[in-house]
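These notes concern the structure reproduced below.
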Amino acid sequence: MTGKKRYYLTTPIYYVNDQPHIGHAYTSLACDVLARFKRMDGYDVHFLTGTDEHGQKVAKSAEDAGTDPQGFCDRVSRNFRDLAGAMNYTNDDFIRTTEERHIKSCQALWNELIGKGEIYLGKYAGWYAVRDEAFYAEDELKDGPDGRKIAPSGAECEWVEEDSYFFRLSAWGERLLKFYDENPDFILPPNRRNEVVSFVRSGLRDLSVSRTTFSWGIPVPGDSRHIMYVWLDALTNYITGVGYPDTGAESWKRFWPADLHMVGKDILRFHTVYWPAFLMAAGLPPPKRVFAHGWWTNEGQKISKSLNNVINPLDLVATYGLDPTRYFLLREVPFGQDGDFSRAAMIHRINSDLANDFGNLAQRVLSMINKNCDGKVPEHGPFLPADTRLTDAAYNLVHPCRATLDVQAFHKMLDEIWAVVGQANRYVDEQGPWVLKKTDPARMHTVLYVLAETLRCLALLAHPFMPQSMDRLLDQLAVPQDARNFSVLTARHALKSGTELPAPQGIFPRFVEDGARS
Ligand code: MSP
């Protein structure tokens with residue numbers, strides 16, 4: 001185990017003030033695909049997700065629901081756990097910030113920061129947006145109706161004056177800029193990086209890291225009038241999840257620093273400014289990368305409860321199936337940019353990419369093998385240049401897939417796979433195995449063997465996106481479980497001629513315009 005390469009990735013932990021929606025499903029899905037890919041590529045992966053349960057926003061939601069905060073969190077947190085099951089996510093752990101291990105970890109980090117003189121007691125007077133759980137400077141705000149102050153996110157701010165502990169963030173500007181400079185891929189995509197660099201360059205103010213006007217949070221050690229600021233509490237989950245404060249633990253030594261924190265663009269500043277500053281101040285190494293993805297709109301409109309257009313991922317799965325939903329979310333929009341969800345686009349993608357391109361290829365090849373090769377992996381004769389051109393493309397595909405996924409370009413990885421799907425479909429048309437059946441049956445066997453090998457590679461590489469469908473395809477090619485990884489992918493001619501194959505079945509449904517399966 002110790003010799004294996006490692007990969008630690010995290011989703012944001014989700015606020016339990018709300019039901020899971022497409023945005024939550026999206027962030028976790030991207031992580032799931034990466035986690036599955038890395039495991040198939042021989043890595044020891046740790047994939048963490050969970051729920052963010054403290055703070056004023058959650059306390060208020062519990063109060064509105066007439067429930068005690070803990071009972072409320074228990075109930076809503078369960079929905080996020082259930083979503084992970086329904087979406088087939090392979091997270092290794094699910095952390096809740098109300099767990100004892102996390103409280104211990106936050107208090108240990110706090111003591112470390114106090115001990116190093118990075119936190120001091122003062123008084124906060126300024127603007128706060130409960131919806132964002134964020135402090136804002138006056139010059140960041142716009143004037144709203146009735147003298148209200150509005151944050152750049154659109155959230156309403158309130159004036160807060162209370163005793164507070166402060167983190168000496170102002171002292172970290174230069175060191176953060178140096179860190180970004182030395183680690184050019186720390187923030188991706190690059191436009192997000194520029195945004196953060198100019199924010200830090202404009203000067204940082206010390207950050208209020210405790211609250212006294214409500215009590216739903218982790219008590220500050222040695223001063224129980226204060227609870228910790230919810231973002232300090234929440235960000236710490238990433239180290240709790242690998243054993244902090246036990247820095248001698250196997251999990252800590254193996255997995256920290258994290259390889260990737262996947263986040264939405266709205267929470268970039270917390271992850272790329274506050275978090276590395278907290279860690280460096282505590283003498284801990286910062287994570288290697290933060291990737292900020294874009295936001296979904298629904299049929300052109302911002303998604304919001306008040307517009308009543310929130311997309312429930314479970315409804316998509318019920319209508320379109322799990323794997324087509326997973327595919328669509330990562331294919332439709334270049335990862336990192338904002339994107340629009342529409343039923344028409346979803347149906348179009350499913351029909352053209354899945355049912356037509358990939359599904360047809362699989363169906364044509366498997367049913368010809370079933371009818372003409374005795375239902376067994378065909379024997380092959382000598383390979384012609386056209387054959388090796390296709391199989392080489394399939395075997396080599398793992399390289400661009402690795403490269404695109406290493407910069408979280410999921411859409412580009414799918415483009416690479418579909419280029420070979422297209423090449424395989426053209427090869428079928430050019431070789432005409434149905435003609436060869438009459439003119440040169442031995443050659444037909446070779447052509448079908450080449451296509452079966454190509455399908456094997458395609459199914460393995462598409463597996464992280466669509467695990468159930470690709471497992472069904474690999475079952476139909478009789479690929480053993482222990483060969484469903486990338487080291488066997490590149491083993492040439494891994495399919496053994498003469499292996500008995502099960503009866504072929506379609507893997508992707510086709511939809512008509514109203515969303516029904518045809
Ligand atoms: N609790 C904080 C994160 C703490 S991490 C230490 C939080 N939670 S959240 O539940 O509000 O949001 C979680 C994620 O969902 C964020 O990454 C956010 O960008 C994402 N999304 C929320 N709405 C979204 C869309 N409409 N589209 C895509 N992602 C969106 O923030």
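Each ligand, and each atom within it, is numbered from 1 in the order the structure gives.
- Here atom 13 (C) of ligand 1 lies nearest to Y14 when heavy atoms of F341, Y14, W231, Y26 are compared.
- Using a non-hydrogen distance threshold of 4.0 Å, H271 registers as a contact of ligand 1.
- Heavy-atom contacts from other residues, nucleotides or ligands closer than 6.0 Å to CZ of R148 number more than 12.
- What sits closest to atom 23 (N) of ligand 1 on the protein, heavy atoms only, is H21 CE1, 3.2 Å.
- Counting non-hydrogen atoms of other residues, nucleotides and ligands closer than 6.0 Å to NZ of K412 gives a total of 12 or fewer.
- Under the 30°/60° scheme for interplanar angles, the aromatic rings of W216 and H54 are found to stand perpendicular.
- For ligand 1, the atoms sitting less than 4.0 Å from at least one non-hydrogen atom of H293 are 28 (C), 29 (N), numbered in the order shown with element in parentheses.
- In this structure, E158 does not pair ionically with K60, as no charged nitrogen and carboxylate oxygen lie closer than 4.0 Å.
- For H261, the closest heavy-atom approach to ligand 1 does not fall below 4.0 Å.
- Using a 4.0 Å cut-off to heavy atoms of G23, the atoms of ligand 1 that qualify are 21 (N), 24 (C), 25 (C), 27 (N), 28 (C), 29 (N), 30 (C).
- In terms of polar-atom proximity, defined here as any N/O pair under 3.5 Å, K265 makes no such contact with ligand 1.
- For the salt bridge (Lys or Arg N to Asp or Glu O under 4.0 Å) with K38, the qualifying choice from D44, D406, D32 is D406, the only one to do so.
- Numbered from 1 in the order shown, with element, the atoms of ligand 1 that lie under 4.0 Å from a heavy atom of D52 read 1 (N), 2 (C), 4 (C).
- Distance from atom 18 (C) of ligand 1 to its nearest protein heavy atom, with residue and atom name: D266 OD1, 3.4 Å.
- R269 and E195 are not joined by a salt bridge, as no carboxylate oxygen comes within less than 4.0 angstrom of a charged side-chain nitrogen.
- Because its NZ or CZ atom is both nearer than 6.0 Å to the ring centre of Y128 and within 45° of the ring axis, R211 counts as a cation-pi partner of that residue.
- Atom CG of D323 is separated from atom NE2 of H463 by 9.0 Å, given to the nearest 0.5 angstrom.
- With respect to the salt-bridge test (charged N to carboxylate O, under 4.0 angstrom), the residues K57 and D132 do not qualify.
- Annotation: atom 27 (N) of ligand 1 to nearest protein heavy atom, W296 N, 2.9 Å.
- Close approach to G294 involves these atoms of ligand 1, each under 4.0 Å from a residue heavy atom: 28 (C).
- Closest to atom 3 (C) of ligand 1, if we only count protein heavy atoms, is I13 O, 3.2 Å.
- With ligand atoms numbered from 1 in the order given, ligand 1 contributes 10 (O), 13 (C), 15 (O) to contacts under 4.0 Å with heavy atoms of H24.
- Ring geometry for F135 against Y229 counts as tilted: the plane angle lies between 30° and 60°, on a 0 to 90° scale.
- The protein heavy atom nearest to atom 9 (S) of ligand 1 is Y15 CD1, 3.7 Å.
- Between the side chain of D259 and the backbone N or O of Y8, at least one donor-acceptor pair lies under 3.5 Å.
- Aromatic ring orientation, W256 versus H261: tilted (interplanar angle from 30° to 60°).
- Scanning all protein heavy atoms for the shortest distance to atom 16 (C) of ligand 1 gives I267 CD1, 3.9 Å.
- Each of the atoms 6 (C) of ligand 1 lies under 4.0 Å from some heavy atom of A234.
- Considering only non-hydrogen protein atoms, atom 17 (O) of ligand 1 sits nearest to G264 N, 2.8 Å.
- Numbered from 1 in the order shown, with element, the atoms of ligand 1 that lie under 4.0 Å from a heavy atom of P12 read 3 (C), 5 (S), 17 (O).
- Atom 6 (C) of ligand 1 has as its closest protein heavy atom Y238 OH, 3.5 Å.
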